[in-house]
Chemist: 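The structure follows.
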Amino acid sequence: MSDSEKLTSKVIKNDPWYDSYADRAEVMRASEIRALFAVASRPEVVSLAGGMPYLEYMPFKELSEHIAKMIVDKGDIAWQYGSAQGDPHLRESVLEIMKLEHIHDVQPDDVVITNGSQNALDLITRIMCNPGDVILAEAPNYVGALGVFQSFQVDVVNVQLDENGLIPESFEQAIIEQRKLGKKVKFLYTVPNFHNPAGVTLSIERRPRIIEIAQKYHVLIVEDNPYGLLGFDGQTYPALRSMDPNIVYLSSFSKIIAPGMRVAWMVAPPGIRHKLVLANEASILCPSNMSQFTITTYLDNFDWKKQINQYRGMYKERCEAMDSSLRELMPYCTWNKPKGGFYIWLRIPDGLNSRAMLPRAITAKVAYVAGTGFYMNGEGSDHMRLSFCYPTPERIKEGIRRLASVVDAERKTVELFGTSTVQTPQNSLRTEQQILDTPDPSAK
């Protein structure tokens with residue numbers, strides 16, 4: 001029995017309910033990103049891991065004054081239960097945001113407010129999928145979406161990406177193959193703009209083709225668009241939803257304003273929207289009025305478009321710092337330089353394993369997310385996701401310097417012995433957990 005199996009066995013034997021869980025609980029998995037937070041948040045570690053927006057540009061002092069007034073004027077509503085569909089004022093406000101991506105045919109009643117996009121993904125999967133159904137998704141894929149899909153026991157089938165985003169032929173072929181196997185393809189899940197983690201953007205030319213294929217085979221498209229307003233040069237792309245009203249559209253305030261508010265929204269056709277509201281009510285009763293009122297207080301009283309434009313410039317500078325550092329220190333790697341968003345998807349040299357290498361990177365005081373976290377089947381060990389959104393350019397450069405030293409050492413091992421000092425996935429996970437659980441002697 002391996003160390004991992006011994007650990008699992010010990011946990012099960014100590015759990016008096018181990019034989020009472022639903023089947024779906026057995027397939028739930030921890031996010032590799034969340035597992036890193038404890039160590040990556042230490043000040044001596046340069047974290048290139050989490051996709052956390054940099055919020056120090058927000059006008060918190062002025063905003064706090066407006067929030068105080070809101071509580072005085074509307075506290076009895078803000079602190080009360082609300083509608084499962086969300087606050088009407090906020091639902092009207094998000095229409096202005098969506099117009100920037102050419103969505104002009106939506107009314108407030110078409111919008112459902114959710115507790116972050118994770119809640120939105122849970123709701124759409126809940127109402128659309130039975131165990132064994134198929135969801136088509138880009139490979140690599142957003143790790144949070146994979147966690148939701150796995151919890152509902154659906155099969156996630158990969159659709160291929162390139163530098164121009166989702167490949168239409170791969171999408172169509174996946175539908176055909178799954179139907180030949182007798183599977184029900186319920187929807188395509190796609191992040192078309194500044195993809196997480198791949199950083200690529202679906203080309204304008206491919207967008208109508210993707211919609212045409214979905215219509216041909218009667219496959220729903222779920223468009224997740226949290227980064228659409230974060231193009232470095234101010235560019236926005238027409239949402240898929242702007243081309244077809246039958247698409248389910250998700251977006252969020254987490255990347256452009258405040259992830260801590262946990263406020264996102266969905267736009268869906270009437271039948272789907274009705275079931276989403278019922279599912280939202282059954283799941284959380286209603287989204288937080290206080291969080292919604294806080295967001296609308298910001299939108300009503302501040303120049304949020306100017307604020308987003310400032311963030312675009314800041315993220316562009318940080319992306320440039322990472323790109324130039326990689327070119328200087330890790331030219332043997334390959335990557336696609338993004339035009340917006342938060343991430344660079346880095347391919348490392350053959351023979352190296354990003355997951356097995358992570359404990360050594362943490363020891364060198366730099367953190368990233370191993371590529372395996374973005375696949376259901378264990379692929380991705382030849383990639384890592386690097387986030388440039390939170391560290392300053394100086395910290396990014398230092399982080400890449402530390403990372404390069406780790407990768408260089410791994411390359412030398414491969415050259416000497418023909419293989420990296422790769423651990424098994426179980427032992428690799430165990431080693432990472434040991435590092436995460438080790439107290440930081442410098443922490444006070």
Chemist: Starting from the C-alpha separation in whole Å, work towards a yes-or-no answer on side-chain contact (heavy atoms from CB on, under 4.5 Å) for R355 and S381.
Modeler: CA-CA 6 Å; R355 192 178 192 186; S381 62; 5.5 Å; no
Chemist: I'd like to know if E212 pairs up with R209 as an ion pair, taking the criterion as any Lys NZ or Arg NE/NH1/NH2 lying under 4.0 Å from an Asp or Glu carboxylate oxygen.
Modeler: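 Looking at R209 together with E212, the answer is yes, because their closest N to O distance falls below 4.0 Å.
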Chemist: Taking NE2 in H218 as the centre, count heavy atoms belonging to other residues, nucleotides or ligands within less than 6.0 Å. Is the count above 12?
Modeler: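 At most 12 heavy atoms, drawn from other residues, nucleotides or ligands, come within 6.0 Å of this atom.
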Chemist: Could you tell me the separation between the CD atom of E177 and the CG atom of L136, rounded to the nearest 0.5 Å?
Modeler: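 Going from the CD atom of E177 to the CG atom of L136 covers 10.5 Å.
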Chemist: What's the verdict on side-chain contact (heavy atoms from CB on, under 4.5 Å) for Y311 and K255, showing C-alpha distance, side-chain angles and the deciding distance?
Modeler: CA-CA 10 Å; Y311 280 120; K255 306 303 182 183; over 6 Å; no
Chemist: Check whether any side-chain heavy atom of D105 sits under 4.5 Å from a side-chain heavy atom of P245, and report yes or no.
Modeler: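 Yes. Closest side-chain heavy atoms under 4.5 Å.
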Chemist: Under a 3.5 Å cutoff, is there a donor and acceptor pairing between the side chains of Q153 and D23?
Modeler: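 On atom types as modelled, these side chains do not qualify, holding no pair under 3.5 Å.
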Chemist: Taking the side chain as C-beta and beyond, is there a heavy-atom pair between T190 and D224 under 4.5 Å?
Modeler: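 Of all side-chain heavy-atom pairs linking D224 with T190, none is under 4.5 Å.
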Chemist: Under a 3.5 Å cutoff, is there a donor and acceptor pairing between the side chains of E101 and Y249?
Modeler: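 There is such a pair between these side chains.
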Chemist: Would you say I175 and I213 make side-chain contact, with heavy atoms under 4.5 Å?
Modeler: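 Yes, close enough: below the 4.5 Å cut-off.
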Chemist: Can you check whether F187 reaches M128 side chain to side chain, under 4.5 Å on heavy atoms?
Modeler: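 Yes; the side chains approach each other to less than 4.5 Å.
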Chemist: Calculate, to the nearest 0.5 Å, the distance between atoms CD and CZ belonging to Q85 and R91 respectively.
Modeler: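 Between atom CD of Q85 and atom CZ of R91 there are 4.0 Å.
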Chemist: Applying side-chain contact (heavy atoms from CB on, under 4.5 Å), run through L146 and V156 and close with a yes or a no.
Modeler: CA-CA 8 Å; L146 292 179; V156 178; 4.1 Å; yes
Chemist: Please find the pair of heavy atoms, one from Y237 and one from K339, that lie closest to each other, and give the distance.
Modeler: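 Scanning both residues, the minimum pair turns out to be OH-CD, 4.1 Å.
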Chemist: Counting distance only, does the side-chain N/O of S405 pair as donor-acceptor with the main-chain N or O of R402 below 3.5 Å?
Modeler: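 Between the backbone of R402 and the side chain of S405 there is a qualifying donor-acceptor contact (under 3.5 Å).
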Chemist: Working to the nearest 0.5 Å, report the span between NZ of K316 and CG of D323.
Modeler: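 Interatomic distance, K316 NZ to D323 CG, rounded to 0.5 Å: 12.0 Å.
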Chemist: Mind checking whether Y57 and Y54 have parallel, tilted or perpendicular rings, split at 30° and 60°?
Modeler: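 Ring orientation, 0 to 90° scale: perpendicular.
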Chemist: Would you say the side-chain atoms of R273 pair up with the backbone N or O of D109, donor to acceptor, closer than 3.5 Å?
Modeler: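 Such a contact is found between R273 side chain and D109 backbone.
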Chemist: Shortest non-hydrogen contact from I113 to W265?
Modeler: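 Of all heavy-atom pairs spanning I113 and W265, the closest is CD1-CB, 3.9 Å.
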Chemist: Applying side-chain contact (heavy atoms from CB on, under 4.5 Å) to R411 and Y332, what does each step give before you reach the verdict?
Modeler: CA-CA 10 Å; R411 292 175 69 216; Y332 42 76; 3.0 Å; yes
Chemist: Picking from L220, I176, V134, what satisfies side chain to side chain contact (heavy atoms under 4.5 Å, CB included) with V185?
Modeler: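 When L220, I176, V134 are each tested with V185, the side chain to side chain contact (heavy atoms under 4.5 Å, CB included) holds only for V134.
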Chemist: So which heavy atom on I135 is nearest to which on Y189, and how close?
Modeler: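 Closest pair (atom of I135, atom of Y189, distance): CG2-CB, 4.2 Å.
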Chemist: Check for a donor-acceptor pair, side chain of S117 on one end and backbone N or O of S252 on the other, with a separation under 3.5 Å.
Modeler: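 Here the side-chain-to-backbone pair does not exist.
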Chemist: Quick check: does any side chain N or O of S283 sit under 3.5 Å from a backbone N or O of N280, one acting as donor and the other as acceptor?
Modeler: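 Answer holds: no.
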Chemist: Less than 4.0 angstrom from a charged side-chain N to a carboxylate O is my criterion; do E320 and K337 meet it?
Modeler: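 Yes, E320 and K337 are salt-bridged.
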Chemist: Could you state the interatomic distance from CG (L346) to SG (C333), rounded to the nearest 0.5 Å?
Modeler: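 If we round to the nearest 0.5 Å, L346:CG and C333:SG are 4.5 Å apart.
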Chemist: Please tell me whether Y315 and F342 form a close aromatic pair, meaning their ring centres lie under 6.0 Å apart.
Modeler: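 When the ring centroids of Y315 and F342 are compared, they turn out to be within the sub-6.0 Å range.
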Chemist: Could you tell me the separation between the CG atom of N158 and the OG atom of S170, rounded to the nearest 0.5 Å?
Modeler: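 N158 atom CG to S170 atom OG measures 8.5 Å (nearest 0.5 Å).
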Chemist: What are the two closest heavy atoms between V191 and N196, and how far apart are they?
Modeler: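 Taking every non-hydrogen atom into account, CG1-N, 4.1 Å.
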Chemist: Without swapping roles, check the side chain of T125 against the backbone of L121 for a donor-acceptor pair under 3.5 Å.
Modeler: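 Checking the backbone N and O of L121 against the side chain of T125, a donor-acceptor pair under 3.5 Å is found.
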Chemist: Y343 and ring-ring contact (aromatic ring centres under 6.0 Å, His included): which partner among Y227, Y142, F374?
Modeler: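 Exactly one candidate clears the test, Y227.
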Chemist: So does A84 get a backbone contact from the side chain of E281, meaning a donor-acceptor N/O pair under 3.5 Å?
Modeler: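 No.
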Chemist: Keeping T114 on the side-chain end and G116 on the backbone end, is there a donor-acceptor pair under 3.5 Å?
Modeler: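 Yes; at least one donor-acceptor contact below 3.5 Å.
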Chemist: Taking NZ, NE, NH1 and NH2 as the nitrogens, is one of them in E398 or R401 under 4.0 Å from a carboxylate oxygen of the other?
Modeler: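 R401 and E398: salt-bridged.
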Chemist: For D133, is there any backbone N or O sitting under 3.5 Å from a side-chain donor or acceptor partner on N130?
Modeler: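 Checked: no pair found.
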Chemist: Are the side chains of L55 and P259 in contact, using a 4.5 Å heavy-atom criterion?
Modeler: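 Yes, side chains in contact.
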Chemist: Start with the C-alpha gap between K99 and E96, add the side-chain angles, then the distance that decides, and say whether salt bridge (charged side-chain N to carboxylate O under 4.0 Å, His left out) holds.
Modeler: CA-CA 5 Å; K99 286 178 182 177; E96 294 303 310; 3.1 Å; yes
Chemist: Can you tell me if OH on Y390 sees more than 12 non-hydrogen neighbours from other groups inside 6.0 Å?
Modeler: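 Not more than 12 within 6.0 Å, no.
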Chemist: Counting only heavy atoms from other residues, nucleotides and ligands, does the tally under 6.0 Å from NE2 of H102 exceed 12?
Modeler: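 More than 12 heavy atoms, drawn from other residues, nucleotides or ligands, come within 6.0 Å of this atom.
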Chemist: Once rounded to the nearest 0.5 Å, what's the spacing between atom CZ of R262 and atom OG of S291?
Modeler: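 Here the rounded value is 9.5 Å.
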Chemist: I'd like to know whether CD of E92 has more than 12 heavy-atom contacts from other residues, nucleotides or ligands below 6.0 angstrom.
Modeler: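 Counting other residues, nucleotides and ligands, CD of E92 stays at 12 neighbours or fewer.
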Chemist: Is there a side-chain contact between P238 and M243 in this structure, where contact means two heavy atoms from C-beta onward sitting under 4.5 Å apart?
Modeler: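 SC-SC contact between P238 and M243 confirmed.
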Chemist: Any side-chain to backbone donor/acceptor pair from R312 onto D233? Under 3.5 Å, distance only.
Modeler: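 Judged by distance alone, no pair lies under 3.5 Å.
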Chemist: Are any of the side-chain heavy atoms of H195 and T201 separated by less than 4.5 Å?
Modeler: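 Side chain of H195 against side chain of T201, heavy atoms only: no contact under 4.5 Å found.
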Chemist: Out of W345, W335, Y375, which one pairs with H383 under the ring-ring contact (aromatic ring centres under 6.0 Å, His included) rule?
Modeler: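 The residue from W345, W335, Y375 that satisfies ring-ring contact (aromatic ring centres under 6.0 Å, His included) with H383 turns out to be W345.
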Chemist: Should V267 and I247 count as side-chain neighbours, where that means a heavy-atom distance under 4.5 Å?
Modeler: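 Result no, sub-4.5 Å side-chain heavy-atom pair not found.
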Chemist: Can you give me the closest heavy-atom contact between P53 and S254, atom names plus distance?
Modeler: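 Smallest heavy-atom distance, with atoms named: CG-O, 3.3 Å.
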Chemist: So which atom in L229 and which in I308 form the shortest heavy-atom distance, rounded to 0.1 Å?
Modeler: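 Looking at all heavy atoms of both residues, the closest pair is O-CG2, 3.6 Å.
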Chemist: Can you confirm if the NZ or CZ of R126 lies within 45° of the ring axis of F152 and under 6.0 Å from the centre of its six-membered ring?
Modeler: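 R126 over F152 ring: no.
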Chemist: Using only atom types and a distance under 3.5 Å, with no angle test, would you say the side chain of R385 pairs donor to acceptor with the backbone of Y368?
Modeler: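 No, R385 side chain to Y368 backbone: no donor-acceptor pair under 3.5 Å.
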